[in-house]
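Everything quoted here is computed from the prediction, not taken from an experiment. Letters A, B, ... mirror the listed sequences (proteins, then strands); counts begin at 1.
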Amino acid sequence: MTVLQKKAHNPIGHLTPEDIEQLGVELDAIRQSVIDTRGADDAAYIRKVIDAQRKLELGSRAILLISMFPPAWVVGTAGLAVAKIIENMEIGHNVMHGQWDWMRDPKIHSTTWEWDNASPSEQWKHSHNELHHTYTNVIGKDNDLGYGIMRVDEDQRWVPFYTAQPLWNFVNACFFEYGIAAYDLELGKNLATKERRNDPEFRARAKVTLKKIRNQMTKDYVIHPLVSGPSFLNTLAANATANLIRNLWTHSVIMCGHFPEGVETFERKSIVGETRGEWYLRQMLGSANISGSKAMHFMTGNLSFQIEHHLFPDLPSNRYQQIAPQVQALFEKYGLTYTTGSLPRQVASAWKKVIRLSLPNNFGRKARAKVLPMLPVPTRRTVDDAAAA
Amino acid sequence: MSLTAPSTRPDRPSLRRRLVRLAERATTPLLPADYLDLFDPLRPGADLRGRIVEVHPETADAATIVIRPGADWAGHVPGQYVRIGVDVDGIRQWRAYSLTHGPRPDGFISITVKAVPGGLVSTHLVRESRPGTLVHLEQAQGEFVLPTDGGKFLFVTAGSGVTPVIGMLRNLYPVADGGVVRLARAAAYDIVVLHVAPSEPDSIFIDNLRALDAAGLIRLVARYDDEHGVLDVADLETLVPDLHERSTLACGPGGLLDALQDHHDARGLDLLTEQFRVTTLVVGEGGTVDFTGSSSGAGTTVDADGATPILDAAEAAGVLMPSGCRMGICFGCVLPLKEGAVRDLRTGAVTTATPGETEGSGVPIQTCISAAAGACVIDH
Ligand SMILES: Cc1cc2nc3c(=O)[nH]c(=O)nc-3n(C[C@H](O)[C@H](O)[C@H](O)COP(=O)(O)OP(=O)(O)OC[C@H]3O[C@@H](n4cnc5c(N)ncnc54)[C@H](O)[C@@H]3O)c2cc1C
Ligand code: FES
């Protein structure tokens with residue numbers, strides 16, 4: 001893809017500023033309808049999920065105490081992997097978004113939640129909630145576009161490092177939780193110069209992260225294996241496998257959110273003075289959904305409703321599915337493309353892009369027709385645009 | 001004889017402590033308690049909670065709720081209240097309710113709630129609460145209790161203000177199958193109850209009061225607005241001729257308590273009061289409230305209008321705030337005001353904090369009854 005502003009066919013060229021504001025009003029109404037009906041059933045839902053997740057984790061870990069028996073190993077590992085996925089996706093990610101803060105339960109609150117992941121929740125909330133969700137798909141602002149190690153957009157400059165990005169992406173998938181921790185620490189940037197390396201603020205954050213990683217590792221690779229006695233090695237392998245499965249799964253789901261074909265990116269200057277309607281519009285075009293079964297939606301933490309999540313990041317995740325038809329109807333009404341596809345299709349699409357963009361834009365192809373000058377986001381016409389129009 | 005210091009081994013943590021640490025390492029980033037709570041939320045060491053065991057109606061709009069408190073419940077003195085956190089429409093709400101029993105043999109506690117029109121928690125508790133529901137508790141507190149050494153007292157109770165009083169009376173005069181039990185310790189008390197209610201059917205616990213009166217243990221003076229007209233405190237001396245020999249304990253609406261206070265002050269009589277509700281007198285001008293400090297809410301800026309307590313405004317904006325009674329009596333919501341002005345919604349009094357002039361740590365304010373009266377900075 002190319003930043004929307006440079007595309008030959010501008011997918012929002014047909015919308016007037018009034019249309020965009022009206023779209024915002026209609027989305028606000030959907031949001032309000034959920035807030036107005038949020039209540040005891042929703043609270044019961046998240047409590048039930050947390051309860052079940054913890055029991056599943058306990059049960060799986062108990063079974064792994066005898067993991068030297070292969071059936072126990074398989075069942076325990078599968079259970080633990082599922083428990084870890086639910087904990088990260090449907091619970092952790094969503095609680096840290098403040099989706100459940102309205103319950104005023106200090107135990108299920110964005111400000112107190114810590115998740116089973118290498119990255120401390122404080123740092124995750126900053127890089128994810130504040131940066132990624134605010135600057136979604138804005139080149140140069142949203143580091144989630146390639147996590148700083150990959151080129152996932154034609155408009156990101158190619159450097160030879162990117163040639164190996166399919167490999168980077170695979171390695172990142174396997175160790176995704178550490179990738180996230182490094183990314184939340186902005187390791188690439190902060191290790192680059194001596195000055196940054198010695199910045200006390202960075203050092204303090206790095207210390208917190210290292211401590212979290214140490215605790216996580218001690219739990220999964222020392223304590224639980226030790227408690228398993230003769231099953232030490234089997235449990236260690238089981239926990240490593242569960243973490244690997246969780247990493248691969250979360251990485252795949254997250255790739256599907258913003259990398260597949262059809263998702264738009266935006267120029268940095270296009271968001272200056274952005275209105276609420278325009279922000280909504282950017283979220284609509286910058287995210288992709290995954291279609292599938294109820295169980296699949298649940299296991300993605302309802303991030304399969306990435307579009308709905310990006311429009312309303314703080315609404316309870318169990319409601320995304322319910323409002324999806326209304327949101328999709330708005331896409332149709334305003335002539336926009338609701339990007340969605342099955343999990344295998346979206347994962348393949350994202351991988352295809354990672355592989356394609358590992359090479360320079362026009363590599364091995366005839367030079368494309370000269371890209372048109374920037375097409376307007378309708379609200380901010382420039383002299384050039386006016387001439388083009 | 002020479003004294004040698006006993007040889008000390010390096011402090012080794014106790015076995016229990018080491019096991020706890022092991023459990024913590026095994027459950028990180030959660031705590032062992034997060035898992036234990038799944039199975040036994042009332043166990044020793046857990047956050048204080050309770051489970052509703054029984055709900056029975058007292059009048060058309062009042063019900064008694066019997067709760068089994070968690071193992072760490074420290075007990076209470078009759079007349080005290082408990083702060084209870086209930087989820088209404090999925091949202092945790094905290095309110096204070098007087099305990100309507102003395103310590104019970106079954107270890108349960110009870111509260112009696114009157115559903116106030118439009119009242120969020122009271123209506124929920126009276127009409128919606130079901131046995132088996134988990135509620136959140138704090139330890140009992142409050143100064144509205146009977147002196148232990150006996151004496152002559154007048155209780156003035158209005159409406160649901162009877163609740164702390166019934167707690168004290170039940171403790172003095174327990175009722176068993178065979179009728180009221182006469183305890184030796186009760187002999188030292190001489191009690192008159194002046195009970196005021198809009199009408200007789202509205203009166204919570206009127207049967208209990210009548211039974212005590214019939215048994216000659218207390219003297220009951222019941223006044224119903226619809227029958228006798230609204231109580232005038234000037235009539236007190238007629239209703240209770242030996243008023244001057246008694247200490248008064250009163251619980252009811254602010255207006256009645258204020259009138260009683262004036263009446264008793266003028267006569268130099270003892271008065272202890274308990275109020276369930278504060279009245280909003282003055283509307284401030286509102287402003288932004290910035291939260292600084294180390295809490296999770298730090299960094300948030302909240303727009304608060306002059307009529308909304310900072311506590312409500314901050315919670316509505318997603319800040320996790322300390323709170324308790326939410327009506328200015330428990331000080332569970334106190335936070336230091338570092339800078340700015342707030343207005344007390346009850347009295348209109350303005351409290352200000354000026355950096356450099358006021359104490360470094362800030363001026364503690366009760367966020368539940370303070371509205372912003374200009375831009376404020378609160379340490380949280
Ligand atoms: C120390 C203490 C002890 C208390 N003990 C008892 C008790 O034993 N039994 C009991 O029923 N209540 C008791 N209360 C009052 C109780 O805490 C709640 O304030 C009351 O139940 C109303 O809460 P709510 O959520 O239903 O009303 P809210 O939703 O908070 O208020 C709704 C409306 O009701 C009005 N209102 C609030 N409180 C009262 C009140 N007390 N009387 C009349 N109108 C009110 C409000 O101004 C508002 O207009 C006690 C309060 C305190 C501080
Ligand atoms: S919460 Fe009780 S004083 Fe405010």
Side-chain angles (χ1 to χ4, degrees), chain A residues 36-47 50-55 57-58 61 87 91-92 97-122 125-126 130 211-212 214-220 222-227 314 316, chain B residues 18-39 41 46-47 49 85-94 120-121 124 128-130 133-136 291 293-300 311-312 314-323 326 333 380:
Chain A
D36 290 345
T37 54
R38 211 167 47 179
D41 290 347
D42 302 283
Y45 168 79
I46 191 64
R47 294 217 168 86
I50 291 173
D51 185 88
Q53 186 275 334
R54 289 184 183 167
K55 285 176 180 161
E57 188 192 338
L58 275 184
R61 293 211 190 258
E87 197 276 347
I91 305 174
H97 259 296
Q99 294 183 3
W100 303 100
D101 283 11
W102 57 276
M103 301 196 303
R104 290 189 203 153
D105 180 344
K107 299 236 188 247
I108 311 179
H109 200 275
S110 65
T111 57
T112 59
W113 195 270
E114 191 53 79
W115 63 339
D116 182 10
N117 193 288
S119 181
S121 62
E122 244 356 280
K125 281 184 290 187
H126 174 70
E130 282 178 49
K211 178 157 186 267
K212 177 99 194 272
R214 197 172 61 231
N215 287 345
Q216 291 285 111
M217 289 216 159
T218 310
K219 167 179 69 169
D220 279 338
V222 181
I223 304 284
H224 285 282
L226 273 181
V227 179
D314 58 349
Chain B
R18 273 187 290 164
L19 281 176
V20 168
R21 217 182 286 162
L22 181 72
E24 284 169 0
R25 293 224 169 102
T27 55
T28 185
L30 299 181
L31 291 170
D34 293 317
Y35 293 93
L36 295 174
D37 282 352
L38 300 176
F39 305 101
D47 289 354
R49 305 183 181 94
V86 199
D87 292 338
V88 183
D89 295 334
I91 304 176
R92 179 91 26 101
Q93 307 280 355
W94 286 86
L120 194 64
V121 176
H124 174 86
E128 238 92 26
S129 64
R130 297 281 171 271
T133 307
L134 207 60
V135 295
H136 302 262
F291 289 94
S294 56
S295 85
S296 45
T300 315
L311 175 62
D312 291 354
E315 283 182 344
V319 181
L320 199 57
M321 298 281 286
S323 74
R326 312 184 71 91
C333 63
H380 176 30

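- Atoms NZ and CG, from A:Lys107 and B:Leu31 in turn, are 8.0 Å apart once rounded to the nearest 0.5 Å.
- Closest approach of A:Pro106 and B:Arg92 over heavy atoms only: CD-NH1, 4.1 Å.
- With a 4.5 angstrom heavy-atom cutoff, A:Lys212 touches chain B only via side-chain atoms.
- Scanning all heavy atoms of the two residues, the minimum distance from A:Asp101 to B:Gly318 falls at OD2-O, 4.1 Å.
- Sparse packing is recorded around NZ of A:Lys211, with 12 or fewer heavy atoms of other residues, nucleotides or ligands lying under 6.0 Å away.
- Taken to the nearest 0.5 Å, the CZ atom of A:Arg54 stands 8.5 Å off from the CG atom of B:Asp37.
- Residue with the most contacts toward chain B among A:Glu122, A:Gln216, A:Arg61, A:Arg38: A:Gln216 (heavy-atom pairs, distance under 4.5 Å).
- Residues A:Trp115 and B:Pro29 share a closest heavy-atom pair of O-CG, 3.2 Å.
- Scanning all heavy atoms of the two residues, the minimum distance from B:Thr28 to A:Asn215 falls at CG2-O, 3.6 Å.
- Between the CG atom of B:Leu320 and the NE2 atom of A:His109 there is a distance of 4.0 Å, given to the nearest 0.5 Å.
- Ranked by heavy-atom pairs shorter than 4.5 Å toward chain A, the options B:Val319, B:Leu30, B:Asp89, B:Thr27 are led by B:Asp89.
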Evaluation steps, salt bridge (charged side-chain N to carboxylate O under 4.0 Å, His left out), between A:Arg47 and B:Asp87: CA-CA 12 Å; A:Arg47 294 217 168 86; B:Asp87 292 338; 3.5 Å; yes
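- Interface remark: B:Gln93 contributes side-chain atoms only to the contact with chain A (heavy atom separation under 4.5 Å).
- Here the closest heavy-atom approach between residue B:Gly90 and residue A:Ala43 is recorded as CA-CB, 3.8 Å.
- Within the 4.5 angstrom heavy-atom criterion, atoms from both the backbone and the side chain of B:Asp34 approach chain A.
- There is no contact between A:Ser110 and chain B, counting heavy-atom distances below 4.5 Å.
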